[in-house]
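Below is one structure, written out as structure tokens; the observations come after it.
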Amino acid sequence: MKRILQYKIIFVILAAMLFATSCQKKYPGNVDSPYEVVLKAIKIVNAGPGGNQVVEGVVDEVTKTVWFPRIDPATDFSAIKFEAEMSEGAQLDKESYAFEFEEGESAKSIIIKVVNQKRFREYLVTLRLLVPVFGADFDKPTLYDFSNNATKYPDFTSQLTRWTGFDGEYVLIVSRAATGPHLLKVSDLKNNVINPIPLNLTGVSGGTFAYSSGAQINGHTYICNLAGSATAQLKIYHWTDPSQPPTLIGNITPADHGVAGGRYGDNMSMDLDENGNGYMFFGDNNGGAVNPRDILRVKVTNYTTLSEPTSIPAQAGITAWMTMTKVPGTGDYIQTGYAAPIRLVNEAGVVDYALSNTAVPLNGADARVFTFNQERYLIMTGAARAASDATDFYVYDITQGSNTKEALEIFNEKASKPQLYKFSLKGASNAAPGTQSGFFITKDGSGNDEKLTLFAASTDAGFIIVEFPKKTLED
């Protein structure tokens with residue numbers, strides 16, 4: 001009986017093994033195909049204006065892409081011919097290929113196939129034009145952030161700083177906090193060094209506030225008081241050395257410009273040339289049914305001589321934090337307020353053109369137009385008066401057009417107006433959104449535009465400085 005039991009056990013084991021073996025599927029083994037489709041090397045054989053230039057490409061087999069050095073734009077791109085080294089028996093799917101560049105495009109990609117019998121492999125081939133590039137490279141910002149995003153500059157709290165200035169070397173902070181008005185050296189800020197340079201305020205007095213707004217231009221510092229009563233004097237001070245007492249260069253009364261009851265000093269716009277000649281503008285914050293809102297314009301000569309205080313008209317929607325900024329090298333000015341569209345005006349405030357209310361965010365303030373490395377830009381900073389307003393900094397390309405007006409017209413008609421650069425300072429809405437923008441262009445040793453530095457600030461939001469190199473061709 002014992003032996004019979006052992007035989008039964010052995011029989012069960014053998015049966016189970018036989019069953020398991022019979023249930024396994026048998027797959028065919030790997031078979032090497034003779035029809036490989038690998039692109040080993042490739043070159044263009046008909047590049048250049050004469051169709052006789054050879055340009056070697058580089059194949060990346062991992063990503064299945066092909067890279068070429070930039071190609072002469074005089075090449076016939078409708079019939080690009082390749083000479084390729086491929087797997088034995090393989091060939092390209094076409095004798096020639098068309099790369100159809102749209103206007104303004106500098107790169108174009110198409111897919112080519114390496115075919116061998118019924119097998120094929122696709123490669124993405126990109127051709128780039130050897131063309132000059134202009135403007136700034138907005139893909140390479142270097143940001144110095146003193147806004148709500150990072151460590152906000154401490155004076156931007158409780159609406160104690162409503163105005164700033166920027167000239168590339170210094171940031172002017174017109175602070176009503178205990179620190180008072182002061183300068184910050186841009187080179188210090190780039191190293192995250194906070195070293196306020198106080199302005200000597202000897203003799204600075206009078207007005208609703210002794211210091212309210214200001215400007216920083218070519219190493220010259222300007223500050224004005226807030227003249228908020230019917231008989232108040234608008235005082236304007238000037239420094240070239242912050243440690244020394246300022247010079248009172250302006251003491252303007254209502255009798256000087258003929259507008260009684262105006263309130264000036266909540267804002268200050270100033271654009272001077274390299275010789276210190278130009279205008280400063282102060283928007284009235286007391287306009288209404290009794291006194292139509294106006295703008296006080298003051299002529300500036302040689303940085304310190306003020307003359308011809310004149311009342312010019314303000315347009316609808318212009319607010320207490322309006323600005324008028326000059327387009328360099330022209331007689332054009334950009335007029336903005338946080339509740340009005342951007343308007344192109346002359347020095348007398350006469351409107352030549354206006355963007356639509358929806359062309360850019362309506363709360364964009366202190367808009368500026370300038371040219372860098374042969375491209376024209378529009379910049380502005382959003383003023384957050386309403387809860388829905390964003391304190392964002394914007395850069396737009398308005399290069400097309402022979403002059404400022406034509407550029408704005410073309411820009412206004414575009415269905416899509418993407419920003420070249422946008423950054424949020426994350427400022428909350430407040431009742432006094434004094435908001436500024438600025439720019440500075442660094443030149444190389446030959447006088448060519450080398451680097452673009454932009455600036456944005458707003459009440460209780462802080463400020464930013466952001467740099468962009470000029471655009472260059474890269475392989």
Would you call L160 and R176 a side-chain contact if the rule is heavy atoms closer than 4.5 Å?
yes
Between T323 and S269, is there a side-chain donor-acceptor contact under 3.5 Å, judged purely by atom types and distance?
no
Mark yes or no for whether D188, through its side chain, and I194, through its backbone, hold a donor-acceptor pair below 3.5 Å.
no
With a 3.5 Å cut-off and no angle check, do the side chains of S429 and D389 form a donor-acceptor pair?
no
Taking side-chain hydrogen bond (donor to acceptor under 3.5 Å, both in side chains) as the test, write out the residues that go with K426, two or more places apart.
N149
side-chain hydrogen bond (donor to acceptor under 3.5 Å, both in side chains) partners for Y144, two or more places apart:
none
Exam field: side chain W67 to backbone V58, donor-acceptor pair closer than 3.5 Å
no
Sole candidate of T221, L183, N200 that passes side-chain contact (heavy atoms from CB on, under 4.5 Å) when paired with P242:
L183
Under the 3.5 angstrom rule, does the side chain of T325 hit a backbone N or O of A367 as a donor-acceptor pair?
yes
Check whether any side-chain N or O of T301 sits under 3.5 Å from a backbone N or O of N277 as a donor-acceptor pair, and report yes or no.
no
Atom pairs and distances, side-chain donor-acceptor, residues 306-316, under 3.5 Å, sequence neighbours left out:
from: T310; atom 1: OG1; to: E308; atom 2: O; distance (Å): 2.9
from: S311; atom 1: OG; to: D294; atom 2: OD2; distance (Å): 2.6
from: Q315; atom 1: NE2; to: G349; atom 2: O; distance (Å): 3.2

Given side chains that start at C-beta, do those of Y123 and E61 come closer than 4.5 Å, heavy atoms only?
yes
Okay, side chain of K140, backbone of K471: is any donor-acceptor separation there less than 3.5 Å?
no
Is it true that a side-chain atom of H238 and a backbone atom of I236 form a donor plus acceptor pair closer than 3.5 Å?
no
Do T75 and D72 pair up side chain to side chain, a donor and an acceptor below 3.5 Å, judged on atom types alone?
no
Donor-acceptor check, side chain of S212 to backbone of C224, threshold 3.5 angstrom: yes or no?
no
May I have all residue pairs that pass salt bridge (charged side-chain N to carboxylate O under 4.0 Å, His left out) and include part of residues 395-421, sequence neighbours excluded?
D352-K405
In terms of relative ring orientation, are F423 and Y421 parallel, tilted or perpendicular, with 30° and 60° separating the classes?
parallel
Aromatic rings Y377 and F370: how do their planes relate, parallel, tilted or perpendicular, breaks at 30° and 60°?
perpendicular
Partner residues of N195 under the side-chain hydrogen bond (donor to acceptor under 3.5 Å, both in side chains) criterion, sequence neighbours left out
none
Suppose we screen for side-chain hydrogen bond (donor to acceptor under 3.5 Å, both in side chains). Which residues come up paired with K470, at least two apart in sequence or across chains?
none
Is there a donor-acceptor contact under 3.5 Å linking the side chains of Y353 and N412?
yes
Under the 3.5 angstrom rule, does the side chain of R297 hit a backbone N or O of E347 as a donor-acceptor pair?
yes
